[in-house]
Amino acid sequence: MTIQLLGRAAACAALAATCSAFAQQSDGSDETVSYFSTMGTYAITDEDRTPLGEGDEGYGVRAVYGWQYPSRFGIGIALGTEVIETDISSFTDFYRHSIELHGTYALGDRTGFTPYALLGGGGNYNDVRDVGEDDSFDVYGTAGLGFVTGPLTEKGSVKLRGEVRYVYDTFADEYQDYEASLGIEIPLFGKPEPVEPPPAPDPEVQVVEAELEDSDGDGIPDQADKCPGTPAGTRVDGEGCALSDVIQLYGVLFAFDSADLHANARRLLNPVVEIFNRYPDLEVEVAGHTDSLGSDEYNQELSQRRAESVKQYLADHGVPAGQVSAVGYGESEPVATNDTEEGREENRRVEIRILN
């Protein structure tokens, strides 16, 4: 008896050493995954377990606490209990309670579907006293294949886990059983979720105040002043040149028979807005003109609408409406011949006439 117990203890020690070796093959990082699993089990047990030699079935549960290392090797500690139904009226059912240590090798990191192989062993407490056998604690070995899925739930990351095993039980005459199990697995202390580094702070903008020289004091720096030396108090345009009484808006054109501004006309009117920003007391007249096609009355009305269109654009961009008047002159003041399309297009124009 003493030799038998020593042999069983040696087997358990060898199994523990093997599992420890699995764990030591980790790459030394802190990315070990731990988990808890609970499964229902179904066993087809050795038919020699009953005197009549009929096949028996077993049903039970198993709980596992395990670790998987970055090397894909892992270890697990399992507790299980099982009832083996004899289906014989003169026999009571058998009971088997187990504690187990096993090693695993997984083909993945358990974050998604991961198959694995299992090898382990432990001890069974067999309760069969009612059939003349002494209750005893016996060593068993097991090997099998299993799988674990990816998370099925967002909260808790619950996964599905299943196994099929071969079990060699040294109880009595020694038996060979086959077992299938299915249940859930819940990660416990696995890889920490990657923490995104905080965004880099925006580079500090250093405002350097530099005084740009303006020799004539017209508000246009010398570097951009195309007309240096203008007398003090002279109103100038964006290039530093004196404003004339009439500002010709060349390029501010209209479609034929329309008061709609061309797209480029809107861009060319922006410098006029800037002049008003520089001289907020400015008062002007927007003069609208047409070509000679059509009747005098119609062209007068069309030129008025064109002048109003420019006035509205200026008002939409912050120019006070009370400082701008709009007057249509029809075809009465051409600047080019009306005999060609090019000339007529030039005549479809507006002018800014400064009143103060």
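Just so we're clear, the structure is a prediction, and the values are computed from it rather than from any experiment. All values below were derived from every heavy atom in this structure, side-chain atoms included, with hydrogens, water molecules and symmetry-related copies excluded.
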Study note, to complete from the structure: Note: with side-chain heavy atoms under 4.5 Å as the link, the other cluster members for Phe113 come out as Phe147, Leu152, Leu160, Leu182
Review point. Which pair of heavy atoms, one from Ala336 and one from Glu346, lies closest together, and at what distance?
Key: CB-OE1, 4.0 Å
Check your understanding: Who else is in Ile184's hydrophobic cluster (ILVMFWY, side-chain heavy atoms under 4.5 Å, direct or via others)?
Key -> Val158, Ile186
Review point. Hey, does the side chain of Asn124 reach the backbone of Phe171 with a donor-acceptor pair shorter than 3.5 angstrom?
Key: no
Point to revise | Residues that Tyr65 engages under ring pair (Phe, Tyr, Trp, His ring centres under 6.0 Å), provided they are two or more places apart | key: Trp67
Point to revise | side-chain contact (heavy atoms from CB on, under 4.5 Å) assessment of His289 paired with Ser303 | key: CA-CA 5 Å; His289 303 273; Ser303 66; 5.6 Å; no
Check your understanding: Does Ser98 reach the main-chain N or O of Gly123 with its side chain, forming a donor-acceptor pair under 3.5 Å?
Key -> no
Review point. Could Arg110 and Tyr35 be counted as a cation-pi pair, given that NZ or CZ must be under 6.0 Å from the ring centre and within 45° of the axis?
Key: yes
Point to revise | Any donor-acceptor N/O pair, Gln304 side chain to Gly328 backbone, under 3.5 Å | key: yes
Study note, to complete from the structure: Residues Asp216 and Cys227: closest non-hydrogen pair is OD2-O, 3.7 Å
**Study point:** Distance-minimising heavy-atom pair for Arg72 and Leu107
**Key:** NH1-CA, 4.1 Å
Review point. Is it the case that one hydrophobic cluster holds both Val148 and Leu118, taking links as side-chain heavy atoms less than 4.5 Å apart, direct or via other members?
Key: no
Exercise for review: Please lay out, stage by stage, how Tyr178 and Tyr166 fare under the test ring-ring contact (aromatic ring centres under 6.0 Å, His included).
Suggested key: CA-CA 5 Å; Tyr178 299 91; Tyr166 165 79; 5.6 Å; yes
Point to revise | Spatial distance of atom CG (Asp225) from atom OG (Ser215) [nearest 0.5 Å] | key: 8.5 Å
Study note, to complete from the structure: Contacts of Glu331 meeting salt bridge (charged side-chain N to carboxylate O under 4.0 Å, His left out) (sequence neighbours excluded), chain-then-number -> none
Check your understanding: Hey, are Gln323 and Glu283 close enough side-chain-wise for a donor-acceptor pair under 3.5 Å?
Key -> no
Practice item. Keeping the roles fixed (side chain from Asn299, backbone from Asp291), state whether a donor-acceptor pair exists under 3.5 Å. Key: yes
**Study point:** Any donor-acceptor N/O pair, Glu82 side chain to Arg62 backbone, under 3.5 Å
**Key:** no
Check your understanding: Should Glu301 and Arg305 count as an ion pair when the cut-off is N to O under 4.0 Å?
Key -> yes
Practice item. Just do the side-chain contact (heavy atoms from CB on, under 4.5 Å) check on Tyr42 and Ile44 with the steps written out, would you? Key: CA-CA 7 Å; Tyr42 170 75; Ile44 300 176; 3.8 Å; yes
Exercise for review: Taking the side chain as every heavy atom from C-beta outward, state whether Val246 and Ile352 have any pair of such atoms under 4.5 Å apart.
Suggested key: no
Practice item. For residues Ala307 and Ala287, report the shortest heavy-atom separation together with the two atoms involved. Key: CB-C, 4.5 Å
Review point. Taking a hydrophobic cluster as the set of Ile, Leu, Val, Met, Phe, Trp and Tyr residues connected by side-chain heavy atoms closer than 4.5 Å, whether directly or through intermediates, do Tyr69 and Ile77 fall within one such cluster?
Key: yes
Check your understanding: Going by atom types alone, do Tyr298 and Gln300 pair a side-chain donor with an acceptor below 3.5 Å?
Key -> no
Point to revise | Residue pair Asn270 / Tyr313, side-chain donor-acceptor N/O under 3.5 Å | key: yes
Check your understanding: Is there side-chain contact between Val284 and Ser325, with heavy atoms separated by less than 4.5 Å?
Key -> no
Review point. Can you list the residues that meet the ring pair (Phe, Tyr, Trp, His ring centres under 6.0 Å) rule with Phe276, with sequence neighbours excluded?
Key: none
Revision key, fill the gap. Across all chains, not counting sequence neighbours, the ring pair (Phe, Tyr, Trp, His ring centres under 6.0 Å) partners of Phe36 are none
Review point. Going by the salt bridge (charged side-chain N to carboxylate O under 4.0 Å, His left out) test, which pairs reach into residues 308-318, not counting sequence neighbours?
Key: none
Check your understanding: If you round to the nearest 0.5 Å, how far is OH of Tyr168 from OG1 of Thr142?
Key -> 13.5 Å
Practice item. Answer yes if Ile247 and Val350 sit in the same cluster of Ile, Leu, Val, Met, Phe, Trp and Tyr residues linked by side chain heavy atoms under 4.5 Å apart, and no otherwise. Key: yes
Review point. Does the side chain of Val335 come within less than 4.5 Å of Asn347's, by heavy atoms?
Key: yes
Exercise for review: Would you check, one step at a time, whether the test side-chain contact (heavy atoms from CB on, under 4.5 Å) holds for Ile220 with Arg278?
Suggested key: CA-CA 11 Å; Ile220 306 299; Arg278 189 179 302 116; 3.9 Å; yes
Point to revise | Pairing residues for His97 by the ring pair (Phe, Tyr, Trp, His ring centres under 6.0 Å) criterion, not counting sequence neighbours | key: none
Exercise for review: Please step through side-chain contact (heavy atoms from CB on, under 4.5 Å) for the pair Gln68 and Thr32, ending with a clear verdict.
Suggested key: CA-CA 6 Å; Gln68 180 172 310; Thr32 299; over 6 Å; no
Point to revise | Salt bridge flag under 4.0 Å for residues Glu341 and Arg348 | key: yes
Check your understanding: Do Ile75 and Tyr116 share a hydrophobic cluster (ILVMFWY, side-chain heavy atoms under 4.5 Å, transitive)?
Key -> no
**Study point:** Closest approach of Val286 to Leu314 (non-hydrogen atoms, all atoms of both residues)
**Key:** CG2-CD1, 4.4 Å
Check your understanding: Do you know which of Asp177, Val167, Asp169 makes side chain to side chain contact (heavy atoms under 4.5 Å, CB included) with Thr45?
Key -> Asp177
Review point. Counting N and O atoms only, with roles assigned by atom type, does the side chain of Tyr279 sit under 3.5 Å from a partner on the main chain of Val236, one being a donor and the other an acceptor?
Key: yes
Review point. Going through the checks in order, is the ring-ring contact (aromatic ring centres under 6.0 Å, His included) test met by Phe137 and Tyr125?
Key: CA-CA 4 Å; Phe137 184 85; Tyr125 178 76; 7.6 Å; no
Practice item. Taking all non-hydrogen atoms of both residues into account, name the closest pair between Met39 and Ser181 and its distance. Key: SD-OG, 3.7 Å
Review point. With distance as the sole test, does Thr153 use its side chain to make a donor-acceptor pair with the main-chain N or O of Lys155 at under 3.5 Å?
Key: yes
Practice item. Hey, could you give me the CD/OG1 distance between Glu185 and Thr38, rounded to the nearest 0.5 Å? Key: 11.5 Å
Practice item. Verify, without hydrogens or angle tests, whether Asn338 (side chain) and Ser292 (backbone) share a donor-acceptor contact under 3.5 angstrom. Key: yes
Exercise for review: Answer yes or no: is there a donor N or O on one side and an acceptor on the other, between the side chain of Asp46 and the main chain of Gln176, under 3.5 Å?
Suggested key: yes
**Study point:** Qualifying salt bridge (charged side-chain N to carboxylate O under 4.0 Å, His left out) pairs with a residue from residues 228-240, counting only residues at least two apart or across chains
**Key:** Lys226-Glu239, Arg235-Asp281
Review point. Can Leu243 be reached from Val273 by stepping across I, L, V, M, F, W or Y side chains whose heavy atoms are under 4.5 Å apart?
Key: yes
Review point. Can you list the residues that meet the salt bridge (charged side-chain N to carboxylate O under 4.0 Å, His left out) rule with Asp245, with sequence neighbours excluded?
Key: none
Check your understanding: Mind checking what makes side chain to side chain contact (heavy atoms under 4.5 Å, CB included) contact with Gln223, not counting sequence neighbours?
Key -> Leu212, Pro221
Exercise for review: Taking only Lys NZ, Arg NE, NH1 and NH2, and the carboxylate oxygens of Asp or Glu, determine whether Glu342 and Arg344 approach each other closer than 4.0 Å.
Suggested key: no
Exercise for review: Kindly give the cluster partners of Val327, where membership spreads through any ILVMFWY side chain lying under 4.5 Å from a current member.
Suggested key: Tyr329
**Study point:** Any donor-acceptor N/O pair, Glu100 side chain to Val64 backbone, under 3.5 Å
**Key:** no
